[in-house]
Amino acid sequence: MTDSFEPQILAFCCKYCAYAAADLAGSMRLKYPDNIKLIQVPCTGRVDIIHILRAIEDGADGVYVAGCLEGECHFLEGNFKARRRVKYVKDTLEELGIEPERVEMYNLSSAMGPRFAEIANEMAEKIKKLGPTPVKS
Ligand code: FES
C-alpha cells in the first residue's frame, strides 16, 4: 500500500459521550487524523444497520460507532443495540469478502478525550494497513 493512502473514515458518535469526548480531545489539543468525519447522533441506538452499510457502499474505508459506556446509555440499551448491529454488519461484510475490521464499536465516556484520540488513531492506522475499500474498485 502506498504511504499516500489517506483512509476516509466515518464515526457515528453519541452526543453524550464520544462527541463530547471529541470536543475534549480538541480542547486538550490532542492529535487525531482529520480524515475522520464525525457524525453526531442522539444515541448510538439510532444508528441503524442501513446507515453503516450505506457508508460502506458510498466508499468509506472504515466506519465506527462510539457510544456511552455499557450501563450508561441515556436510553438504557441503545449502545447494546448498536453493538449487535455492528456485529451484524461485520458478519455481512465477511460474507461479502470485505474485511470486517473496517467496522468497529467502541464505548467511552465524555471525560475520555485521550481515549477518543487513541481510538481515532487506532482506526486510522488499522484502515491504512487494510488499504482502500474494495467497494470502490
Ligand atoms: Fe450514548 Fe445511548 S445515549 S449510546
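Start at 1 with the first residue, then count along the sequence. Ligands are counted one by one from 1 in listed order, and the atoms in each one are counted from 1 as well.
- With a cut-off of 2.8 Å, the protein N/O/S atoms near atom 1 (Fe) of ligand 1 add up to 2.
- Judged purely by atom type and a 3.5 angstrom limit, Arg85 uses its side chain to pair as donor or acceptor with the backbone of Val47.
- Contacts of Asn35 classified as side-chain hydrogen bond (donor to acceptor under 3.5 Å, both in side chains), with partners at least two apart in sequence or in another chain: Glu6.
- Between Phe12 and Tyr64, the distance separating the two ring centers is not shorter than 6.0 angstrom.
- Every residue two or more places apart in sequence or in another chain was checked for a side-chain hydrogen bond (donor to acceptor under 3.5 Å, both in side chains) with Glu94, and none qualifies.
- For Glu104, the side-chain hydrogen bond (donor to acceptor under 3.5 Å, both in side chains) criterion is met by Lys90, Lys126, not counting sequence neighbours.
- Arg102 has a carboxylate O that lies under 4.0 Å from a charged side-chain N of Glu99, or vice versa, which qualifies the two as a salt bridge.
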